[in-house]
Every structure is written in structure tokens, then in C-alpha cells.
Amino acid sequence: MPDSEKKLSYESRPSPFWYWIERRFFDLLFHTLWPLRIKGAENVPRKGAAIVVCNHLSMVDPFIVAYAVRRIICFMAKQELFRNRVVGFLIRVTGAFPVDRSRMDAATMRTAMTVLKDGYLLGMFPEGTRSTTGDMLEFRVGAIRLAARTRIPIIPAAVYNTDRALPPGKFARPARIRIIFGPPIEFTELYDRNDKGEPLERAVATLRERIQDLHEQAG
């Protein structure tokens with residue numbers, strides 16, 4: 001674990017050992033079955049907190065983001081994944097924590113804020129689920145609210161072709177995949193606002209447009 005990242009103070013503490021094991025596994029995949037091209041990684045801070053927000057096409061997306069940032073990143077993961085003992089274990093030991101996709105409850109928000117307070121990267125997929133058409137779904141407001149509350153920047157990111165690499169309900173197949181990171185966005189206009197209303201909607205639209213642009217660049 002990088003020296004800049006201290007031990008996380010919530011139950012799903014990242015394990016440097018399992019992080020290393022999983023990274024070696026994806027080293028093999030990304031040099032054979034799924035050749036990976038990474039662009040804009042310099043936009044991700046080498047230390048300190050940030051929220052990495054990405055589009056979502058495949059179950060492999062969080063592993064690609066984690067591999068590309070080269071830091072431990074704690075993802076909000078749908079609570080259903082934790083019901084599978086193997087999957088639940090593998091994602092929990094790398095820092096993932098469960099979220100109810102129908103709402104952002106107080107407990108989830110507290111955990112997310114702890115992740116950021118402890119200097120980690122927080123990973124979020126604001127569409128809430130994978131797109132089955134390749135078109136980006138509408139964004140939920142959770143990432144923007146969290147960024148406004150903590151005054152921590154959002155790093156927009158986009159994956160491309162991962163739906164061909166691991167389609168929903170099918171086996172993995174060869175594909176060239178790409179990920180691109182954009183410059184950090186700070187939604188300062190939302191700071192110190194209790195009733196965010198229209199400014200919040202504009203911020204969500206701006207973030208979605210940025211990630212859509214990155215996805216088109218990646219293609």
C-alpha cells in the first residue's frame with residue numbers, strides 16, 4: 001500500500017496482499033486476452049482523496065479502473081454482489097463496500113466519506129447499473145452530492161469496449177479495451193448550498209457530458 005494511504009477505518013479494509021494478487025492476475029489478462037490502453041492516468045492524483053466516476057458497460061469495469069489508477073480504490077458495489085461468498089470476499093478485501101442501488105442511505109454516505117477522509121480514491125458508477133445497449137444511461141446525483149459535501153474533486157473516466165470483452169451473461173472473449181481519464185472537476189458552485197436544486201442538475205449534466213466526450217475519444 002502506498003505510504004500516502006493509511007489504514008482505512010471502516011470494516012472493508014483493503015488488503016495490500018489481495019490487491020497485489022488481483023493486480024498480477026489482471027497483468028496477465030491485459031497483456032493477452034484483453035490488451036488494455038490507458039490514457040490520461042496523470043489526471044489521477046498519486047496521493048490524497050478523489051472521486052473517480054466512470055461509465056459502466058461490464059462487470060470487469062471496476063477492475064480496469066483499479067488497474068489503471070495504480071492505487072487502491074474503494075468502490076461502491078451493489079449489495080447483491082456481497083451475497084456470493086467468493087465474489088463478496090474478493091471485492092471486500094480490495095476495499096469495496098455495499099450500496100443499495102435504489103437509494104444512497106446515510107450509512108453508505110458515512111462509509112464513502114470515511115474512505116475520502118482517510119485519503120483513498122472512491123470509485124463510483126453513477127448510472128447505477130451496466131448499460132446493455134452501449135448508450136450511457138442517466139446519471140444519479142450521489143457522486144455530485146458527495147463531491148459538494150466533501151469539497152473533493154471528481155476525476156471523470158470512461159471505459160470502451162468492455163461490453164465486448166465480457167458481455168452480460170456470457171463468457172469472456174478477446175477484445176481490445178481502453179480507458180481514459182479526464183482532468184479533475186471541482187463543483188465549487190455547489191459548496192455552501194443547502195438547496196442545490198437547478199445547480200445540482202446542471203452539475204450532473206456537466207459530468208455526464210464530460211464522460212460521454214471521454215468515451216467518444218476512447219473509441
Side-chain angles (χ1 to χ4, degrees), residues 19 22-23 25-46 49-78 91 94 96 101 120-144 146-147 152-187 202-219:
Y19 174 82
E22 290 187 18
R23 187 169 184 85
F25 173 73
F26 282 100
D27 265 333
L28 176 62
L29 276 184
F30 295 148
H31 286 88
T32 55
L33 185 66
W34 296 332
L36 173 63
R37 192 175 98 187
I38 302 168
K39 185 177 179 181
E42 68 276 4
N43 289 312
V44 182
R46 294 185 178 181
I51 304 169
V52 180
V53 175
C54 189
N55 66 316
H56 199 11
L57 298 171
S58 168
M59 287 287 289
V60 77
D61 294 342
F63 299 101
I64 292 170
V65 176
Y67 185 89
V69 300
R70 304 189 69 84
R71 287 181 56 188
I72 289 176
I73 177 170
C74 303
F75 279 96
M76 286 187 182
K78 63 180 182 180
I91 61 176
T94 51
R101 290 182 294 175
Y120 280 78
L121 297 176
L122 174 68
M124 299 181 70
F125 296 102
E127 294 167 277
T129 189
R130 290 167 291 169
S131 170
T132 58
T133 64
D135 296 326
M136 201 173 298
L137 306 178
E138 292 302 314
F139 277 20
R140 301 182 182 184
V141 301
I144 299 290
L146 191 57
I152 285 174
I154 286 179
I155 312 296
V159 290
Y160 182 84
N161 226 25
T162 59
D163 49 341
R164 293 179 63 86
L166 188 62
K170 297 183 180 180
F171 293 107
R173 59 187 65 177
R176 293 185 178 276
I177 55 180
R178 295 181 281 282
I179 183 169
I180 182 170
F181 298 92
I185 311 171
E186 295 193 55
F187 293 99
R202 287 200 303 268
V204 172
T206 295
L207 179 60
R208 188 176 183 277
E209 289 171 5
R210 293 280 186 93
I211 293 177
Q212 181 68 57
D213 288 345
L214 291 173
H215 184 255
E216 292 172 2
Q217 292 176 41

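- Contact check for Arg37 versus Arg176: no side-chain heavy atoms found under the 4.5 Å cut-off.
- Taking both residues in full, the closest heavy atoms of Ile91 and Ala77 are given as CD1-CB, 4.2 Å, listed atom of the first, atom of the second, then distance.
- In plain terms, the two heavy atoms of Tyr19 and Arg70 that are nearest each other are OH-C, 3.5 Å.
- Between Pro62 and Phe75, the shortest heavy-atom contact is O-CE1, 3.4 Å.
- Side-chain atoms of Asp27 and Tyr67 include a donor-acceptor pair closer than 3.5 Å.
- Taking CZ of Arg178 as the reference point, atom CG of Asn161 lies at 6.0 Å (rounded to 0.5 Å).
- Between Leu207 and Phe187 there is a side-chain heavy-atom pair separated by less than 4.5 Å.
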Working note: Val65 + Ile179, criterion side chain to side chain contact (heavy atoms under 4.5 Å, CB included); need CA distance, chi angles, decisive distance, verdict.
CA-CA 8 Å; Val65 176; Ile179 183 169; 3.8 Å; yes
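- Arg173 and Leu33 get closest at one heavy-atom pair: C-CD1, 4.0 Å.
- A pairwise comparison of heavy atoms in Ile51 and Ala143 identifies CD1-O, 4.2 Å as the closest pair.
- Gly182 and Leu214 get closest at one heavy-atom pair: N-CD1, 3.7 Å.
- With a 4.5 Å cut-off on side-chain heavy atoms, Leu57 and Ser131 count as touching.
- Within the model, atoms CG of Leu146 and CD1 of Ile154 stand 8.0 Å from one another, a figure rounded to the nearest 0.5 Å.
- Between atom CD1 of residue Ile211 and atom CD1 of residue Ile180 there is a gap of 11.5 Å, rounded to the nearest 0.5 Å.
- Taking OG1 of Thr162 as the reference point, atom NE2 of His56 lies at 8.5 Å (rounded to 0.5 Å).
- Atom-to-atom distance recorded for Arg208:CZ and Asn55:CG is 10.5 Å, nearest 0.5 angstrom.
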List the steps, then state whether side chain to side chain contact (heavy atoms under 4.5 Å, CB included) holds for Trp34 with Ile64.
CA-CA 10 Å; Trp34 296 332; Ile64 292 170; 5.8 Å; no
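- Going from atom CE of Met76 over to atom CZ of Phe125 covers 12.0 Å, rounded to the nearest 0.5 Å.
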